[in-house]
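This structure is a prediction, so every number in the text was calculated from the model and none was measured.
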Amino acid sequence: MLRKAVNTLLFSLIFFLIVDQANAALPKYLYNLVIKVNNVEVTSDANPYIERATNTTYVPIRFVSENLGETVNWNREKKEVTIRSEDGKTVRLTIGSKVAYVNEQQKILPSAPVMPVSPNRVMVPLRFVSEVMGATVDSSKKDETLYVNITKAN
């Protein structure tokens with residue numbers, strides 16, 4: 001009985017060590033993305049990526065907003081980005097904060113905007129920013145690549 005318990009414990013320990021090592025070998029970010037806006041593929045000077053831990057797709061703020069017809073302003077002191085749409089909607093995001101303000105109403109983001117040293121761009125959760133600006137986000141995965149199409153009616 002004791003021998004069976006020890007064997008089970010050893011098996012469990014070895015199993016968890018193998019699984020842990022396999023997860024440790026996985027990259028923190030995935031860069032296999034193709035992004036389209038209104039069915040037209042768009043590219044950016046900073047690569048969009050998927051943060052594996054949160055499964056969040058990050059894109060440069062200007063990349064997504066300006067392709068949707070919005071304007072973007074950056075306040076360096078506050079580390080705050082403001083997006084303004086043609087129809088008057090305003091969105092404020094702060095680096096490192098999951099709290100956003102949409103027309104001065106507080107909303108909670110799934111993941112905070114970040115500003116990595118490289119590429120030194122404000123990176124934001126693609127789905128949140130796109131949808132709050134009135135766009136629809138569709139995605140599908142094929143051959144280890146995520147295909148995203150953001151559509152917004154004019």
Side-chain angles (χ1 to χ4, degrees), residues 15-154:
F15 174 78
F16 287 117
L17 285 174
I18 290 170
V19 169
D20 188 48
Q21 287 177 351
N23 284 336
L26 295 174
K28 186 175 180 178
Y29 304 109
L30 300 175
Y31 293 95
N32 299 343
L33 287 114
V34 174
I35 298 179
K36 295 181 179 184
V37 175
N38 292 325
N39 297 309
V40 176
E41 189 171 331
V42 291
T43 58
S44 171
D45 64 337
N47 287 335
Y49 62 88
I50 301 168
E51 183 180 64
R52 186 183 293 276
T54 61
N55 200 32
T56 300
T57 302
Y58 280 92
V59 295
I61 185 67
R62 289 189 187 279
F63 169 75
V64 67
S65 298
E66 291 177 354
N67 276 294
L68 292 172
E70 321 303 352
T71 59
V72 178
N73 292 307
W74 167 243
N75 183 320
R76 183 181 309 233
E77 291 77 36
K78 292 183 179 181
K79 295 186 178 183
E80 182 179 87
V81 174
T82 303
I83 308 164
R84 289 187 176 81
S85 68
E86 293 175 346
D87 65 359
K89 185 179 284 184
T90 301
V91 179
R92 287 187 297 121
L93 305 160
T94 304
I95 302 299
S97 175
K98 287 186 176 184
V99 177
Y101 293 91
V102 179
N103 291 336
E104 299 307 317
Q105 292 184 346
Q106 184 175 312
K107 303 282 184 186
I108 304 300
L109 291 130
S111 298
V114 295
M115 189 171 180
V117 173
S118 177
N120 196 28
R121 300 282 187 276
V122 175
M123 306 294 282
V124 297
L126 175 124
R127 183 172 296 277
F128 176 85
V129 171
S130 298
E131 289 179 349
V132 81
M133 297 311 286
T136 302
V137 179
D138 295 306
S139 62
S140 62
K141 191 173 185 182
K142 181 180 177 187
D143 299 327
E144 299 302 315
T145 299
L146 181 67
Y147 294 87
V148 179
N149 189 37
I150 306 163
T151 53
K152 184 175 179 184
N154 294 334

In short, Phe128 meets Ile108 closest at the heavy-atom pair CE1-O, 4.4 Å

**OP:** Apply the test side chain to side chain contact (heavy atoms under 4.5 Å, CB included) to residues Thr57 and Val137: give CA-CA distance (whole Å), side-chain angles for both, the deciding distance (0.1 Å), then the verdict.
**Re:** CA-CA 11 Å; Thr57 302; Val137 179; over 6 Å; no

All heavy atoms of Phe63 vs all of Pro48, minimum pair found to be CE2-CG, 4.4 Å

Review point. Do the rings of Tyr49 and Tyr29 sit parallel, tilted or perpendicular, given the 30° and 60° boundaries?
Key: perpendicular

Do Leu68 and Ser130 have side chains that approach each other closer than 4.5 Å (heavy atoms only, starting at C-beta)?
yes

When rounded to the nearest 0.5 Å, the distance separating NZ of Lys142 from OH of Tyr147 is 6.5 Å

**Message:** So Tyr58 and Ser111, do their side chains get closer than 4.5 Å, heavy atoms only?
**Reply:** yes

The reported gap from CD in Glu70 to OG1 in Thr82 (rounded to nearest 0.5 angstrom) is 13.0 Å

Close side-chain approach of Thr94 and Val99, heavy atoms under 4.5 Å | no

Interatomic distance, CD@Glu86 vs CE@Met133, rounded to 0.5 Å, equals 9.5 Å

#### Entry: Side chains of Asn55 and Ile50 in contact at under 4.5 Å (non-hydrogen atoms)
yes

Q. Does Ile35 reach the side chain of Leu126, with side-chain heavy atoms less than 4.5 Å apart?
A. yes

Applying side chain to side chain contact (heavy atoms under 4.5 Å, CB included) to Val122 and not counting sequence neighbours gives Ile61, Trp74, Val81, Ile95, Met115, Val124

Would you say Pro116 and Met123 make side-chain contact, with heavy atoms under 4.5 Å? yes

To the nearest 0.5 Å, atom CZ of Arg62 lies from atom CG of Asn73 at 7.0 Å

Residue pairs meeting salt bridge (charged side-chain N to carboxylate O under 4.0 Å, His left out), one or both in residues 103-129, sequence neighbours left out, come to Asp45-Arg121, Arg92-Glu104, Arg127-Glu131

Rounded to the nearest 0.5 angstrom, the CG-CG distance for Asn38 and Asn149 is 7.0 Å

Of all heavy-atom pairs linking Gly88 and Asn103, the shortest is O-OD1, 3.9 Å

### Message
Can you confirm whether Glu144 sits close enough to Leu30 that some side-chain heavy atom of one is under 4.5 Å from a side-chain heavy atom of the other?
### Response
no

Scanning both residues in full, the closest heavy-atom pair of Pro60 with Ser44 reads CG-OG, 3.3 Å

Residue Lys89 excluded, over 12 heavy atoms near NZ under 6.0 Å
yes

By side chain to side chain contact (heavy atoms under 4.5 Å, CB included), Glu77 pairs with (sequence neighbours left out) Asn75

* No-hydrogen, no-angle side-chain donor-acceptor test under 3.5 Å, Asp143 and Thr145 -> no

*So do the side chains of Ile150 and Asn67 get within less than 4.5 Å of each other, counting heavy atoms only?*
no

Separation between CD (Glu80) and OG (Ser97), nearest 0.5 Å, reads 9.5 Å

